[in-house]
Amino acid sequence: MDDHESAQILQDKLKNAFDNESIQAFQRFFASSRDLMSCYRCAIMEIETKFRVLNERFSMHHDRNPIDTIQNRLKSPESIRDKLIRKNLPFTLSAIEENLFDIAGVRVVCSFADDIYMLADCLLQQDDITLIEKKDYIRHPKKNGYRSLHLIVEVPIFLQDEKRLMKVEVQLRTIAMEFWANLEHQLRYKKDLSPEILAGIEAELSECAELSALLDTKMQNIKDTIEKEG
Ligand code: 0O2
């Protein structure tokens, strides 16, 4: 059976399962959610551009790049659904926009710890950016050792005939913090372990987080010494 045939069968099954009104409601929801996701993509572009501009200007004046990499992600429909259920929220677009502030995410990986705060300050000083929430997991790491600076910001996007304010989650971290978070994220899903092994792994991960924090401090100190001498 080719793709076209299986799509046709699915469509017929859906037609039998729902009345016309439900199908139309679903189509309307689908069209508006595509529109909303497109707006989040535009907001990601705005925020990324702001960081690229800051990187360009800083490298011109200081001869080095404070940003190592910039990544972005749009939350998947499955993650949105799970979060709505977790927070006991209805499956509506307004519930998504008003309550889930991490649909659009931009992660900025910095060379040195000081660059994180410098870039965050530069972003927040811009007159079209509004800070909604700040979580400083660098000064106050999570119990497992996770470190990063999280900002929820609101940024305007200019569409054909309207301006919309969109929320974006910005995560700023160093290369060492990124290294730890990526590996911890992978290991978190290995759940079929005994409680003793799990406790041991958590302790090891926490120790690795401390080592990565020490590495950041040492690298920062080396840079400060070079800049003082140079
Ligand atoms: P993904 O796939 O990265 O999007 P809230 O959004 O406020 O309801 P929470 O957990 O309080 O929920 O938000 P918080 O603390 O700001 O963390 C949100 C994101 O930070 C997570 O997104 C992760 O990307 C990252 N993060 C937070 N804690 C940890 C951690 O312990 N380890 C790692 N590796 N990453 C972490 P999501 O939605 O979980 O996933």
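Bear in mind the structure is a predicted one, so any value in this text is a computation, not a measurement. In this chain, residues are counted from 1 in sequence order. Counting starts at 1 for both ligands and their atoms, in listed order.
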Is_contact(atom 22 (O) of ligand 1), protein non-hydrogen, under 4.0 Å: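 Looking at atom 22 (O) of ligand 1, one finds that no protein heavy atom lies closer than 4.0 Å.
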Protein heavy atom under 4.0 Å of atom 38 (O) of ligand 1: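 Within 4.0 Å: yes, protein heavy atom nearby.
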Any N/O pair Glu133/ligand 1 closer than 3.5 Å: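 Not met; the criterion fails.
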Close N or O approach (Trp180, ligand 1; < 3.5 Å):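 Such a contact does not occur with ligand 1.
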Looking at [X] and [Y], would you say the former's side chain and the latter's main chain have a donor-acceptor pair under 3.5 Å?
X      : Y      : answer
Ser59  : Asn55  : yes
Gln220 : Asp114 : yes
Asp136 : Ile138 : yes

[atom] [closest protein heavy-atom partner, distance rounded to 0.1 Å]:
atom                    : result
atom 24 (O) of ligand 1 : Gln171 NE2, 3.2 Å
atom 32 (N) of ligand 1 : Glu184 OE1, 2.8 Å
atom 27 (C) of ligand 1 : Lys142 NZ, 3.4 Å
atom 25 (C) of ligand 1 : Tyr146 OH, 3.3 Å
atom 17 (O) of ligand 1 : His150 CE1, 3.6 Å

Shortest heavy-atom approach to atom 12 (O) of ligand 1 - which of Arg73, Arg173, Lys75, Lys83: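 Among Arg73, Arg173, Lys75, Lys83, the closest heavy atom to atom 12 (O) of ligand 1 belongs to Lys83.
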Under the side chain to side chain contact (heavy atoms under 4.5 Å, CB included) test, residues paired with Lys83 that sit two or more places apart: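 Lys83 satisfies side chain to side chain contact (heavy atoms under 4.5 Å, CB included) with Lys75, Arg86, Lys87, Leu100, Asp102 only.
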Taking only distance into account, with no hydrogens and no angle test, what donor-acceptor pairs under 3.5 Å do side-chain atoms of residues 145-154 form with protein atoms, sequence neighbours excluded?
unit_1	atom_1	unit_2	atom_2	d
Tyr146	OH	Ser148	OG	3.3
Tyr146	OH	His150	NE2	2.7
Tyr146	OH	Arg173	NH2	2.9
Arg147	NH2	Ser212	OG	3.1
Arg147	NH2	Asp216	OD2	3.1
Ser148	OG	Arg173	NE	2.8
Glu154	OE2	Lys167	NZ	3.2

Ion pair Asp115/Arg64, N-O distance below 4.0 Å: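 Answer for the salt bridge query: yes.
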Nearest-0.5 Å distance, [atom1] of residue [X] to [atom2] of residue [Y]:
X      : Y      : atom1 : atom2 : value
Leu172 : Ile67  : CG    : CD1   : 8.0 Å
Glu178 : Leu183 : CD    : CG    : 9.5 Å
Ile80  : Leu74  : CD1   : CG    : 6.5 Å

Sub-4.5 Å side-chain heavy-atom contact between Leu93 and Ser33: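 Yes - at least one pair of side-chain heavy atoms lies under 4.5 Å apart.
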At less than 4.0 angstrom from any non-hydrogen atom of [X], what atoms of ligand 1 do you find?
X      : result
Lys87  : 8 (O)
Ala181 : 34 (N)
Lys135 : 7 (O), 9 (P), 11 (O), 13 (O), 14 (P), 15 (O), 16 (O)

Proximity to ligand 1 by part of [X], non-hydrogen separation under 4.0 Å:
X      : value
Asn144 : side chain
Arg107 : side chain
Tyr137 : side chain

